[in-house]
S.K.: 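Sharing a structure with you now.
Indexing begins at 1, ligand by ligand and atom by atom, following the structure's order.
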Amino acid sequence: MSGSKCTRLSGALVKQLLDSVDSVLFDCDGVIWRGDQVVPGAPEVINLLKENGKKVFFVTNNSSKTRKMYAEKMSAMGFAVTEDEVFGTAYCCAMYLRTVCKLQGKVYLVGSAAMEQELEAVGIQQTGVGPDHVSGRPADWANVPLDPEVKAVVVGFDEHFSYMKLNRALQYLTQQGCLFVGTNRDTRLPLEGGKAVPGTGCLLQAVETAAQCQAQTVGKPNHFMFDCVASQFGVDRDRCLMVGDRLDTDIMLGSNCGLKTLLTLTGVSTVAEAEAHQKSGCAERQGMVPDYYVESIADLLPALQG
Ligand SMILES: [Mg+2]
């Protein structure tokens, strides 16, 4: 049944698929871990893929960590990973501003210290990280002092998001030629036990609503994340597999880039949702139908151990 989409991956089909690829891109949240809990069997799968000569990369929309922080978290969980195999949106956003936007100037950053570090690593200065409490009255807020060197507003995950940050972003975006970039549009960050907290998409939408304009987003499903990996490691898209738990970001990225796609059911999306997209007859929704699905990436283990 390898011709039809949304096929359960099991038996001989697993080895067949793995033999057909040289590179595997993994999403992180909901795929290899949930919050701080590793998905059972995930480290063995990743490490065996690498032992079998596959190139393995991690592409995550989560902007709260630097590549180094991710590599440290993964190593502690038993994954054999190096920093350069990790592509988070904090890093990719900095690369986007440097290589695509060719930004000359500073960033007003609604984001984390991790984003600040990745920006600094590519030579971009920022202002805005940390709490920004409200003071004064509306007339003062509209005339809040602005840094004349700021040429872009960047929105990522920011636990200190506030009214003053929203206001400051609006005042910068009102200026002629100010770029507007977001890391991703995920509205929720899934945690252990089916819990979730508001994601970056909520913050980005608030800024877009205030500024009455749309940001360019860097994260999945935008092909830029794949371009980043491909340009640094020479990945052949015909022999590349994207593994993720979300249809609208991970699977869509794979479809957008012409990769093979595998949905894992340890995170957000379900097979029923994938089948609904498939049966909808809507062309735009077909990009959210994976080629294959598994209960967990641990289902790849027998083929790798054999
Ligand atoms: Mg995920």
Side-chain angles (χ1 to χ4, degrees), residues 6 9 24-43 45-46 56-65 67 69-71 73-74 77 79 81 85-93 112 114 156-157 182-204 217-226 228-229 240-257 259-274 277 287-300:
C6 209
L9 190 67
V24 188
L25 270 54
F26 285 93
D27 172 45
C28 296
D29 290 299
V31 176
I32 62 169
W33 64 55
R34 281 171 291 210
D36 289 323
Q37 286 191 320
V38 68
V39 167
V45 168
I46 302 297
V56 175
F57 305 101
F58 302 89
V59 286
T60 173
N61 274 2
N62 191 318
S63 63
S64 65
K65 290 184 174 64
R67 308 179 100 181
M69 290 155 82
Y70 273 118
K73 173 174 177 172
M74 290 176 184
M77 286 176 163
F79 294 98
V81 169
E85 293 164 335
V86 184
F87 293 80
T89 47
Y91 168 75
C92 289
C93 194
S112 59
F157 185 74
T183 54
N184 63 299
R185 295 190 180 277
D186 301 53
T187 50
R188 286 186 175 192
L189 186 62
L191 301 175
E192 301 99 300
K195 299 219 172 213
V197 290
T200 303
C202 303
L203 314 185
L204 185 57
T217 49
V218 170
K220 299 169 286 185
N222 188 325
H223 60 82
F224 183 76
M225 299 273 292
F226 175 75
C228 248
V229 180
C240 180
L241 173 67
M242 173 71 213
V243 185
D245 70 306
R246 285 188 72 123
L247 300 173
D248 60 344
T249 53
D250 305 320
I251 303 306
M252 197 65 166
L253 172 81
S255 301
N256 283 346
C257 298
L259 318 178
K260 299 176 206 320
T261 53
L262 173 63
L263 174 72
T264 175
L265 303 177
T266 44
V268 172
S269 299
T270 64
V271 175
E273 287 164 356
H277 290 310
M288 291 189 276
V289 183
D291 295 319
Y292 305 97
Y293 70 89
V294 284
E295 291 294 327
S296 158
I297 62 164
D299 295 359
L300 305 179

S.K.: Does a salt bridge link Lys220 with Asp186, judged by any charged N lying under 4.0 Å from a carboxylate O?
M.R.: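 No salt bridge links Lys220 with Asp186.
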S.K.: Do Thr217 side-chain atoms and Gly219 backbone N/O form a donor-acceptor pair below 3.5 Å?
M.R.: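 Checked: no pair found.
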S.K.: Counting C-beta onward and ignoring hydrogens, is there a side-chain heavy-atom pair between Phe226 and Met242 closer than 4.5 Å?
M.R.: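 No. Closest side-chain heavy atoms not under 4.5 Å.
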S.K.: Is there a donor-acceptor pair closer than 3.5 Å between any side-chain N or O of Thr183 and the backbone N or O of Thr89?
M.R.: no
S.K.: Do side-chain atoms of Asp291 reach the backbone of Thr261 as a donor and acceptor pair under 3.5 angstrom?
M.R.: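 Indeed, once roles are kept as given, a pair shorter than 3.5 Å links the two residues.
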S.K.: Could you pull out the N/O/S protein atoms under 2.8 Å of the Mg ion (ligand 1), ignoring any water?
M.R.: Asp27 OD2, Asp29 O, Asp245 OD1
S.K.: Would a distance-only check, ignoring hydrogens and angles, find a side-chain to backbone donor-acceptor pair under 3.5 Å from Gln37 to Arg34?
M.R.: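 No; zero donor-acceptor contacts below 3.5 Å.
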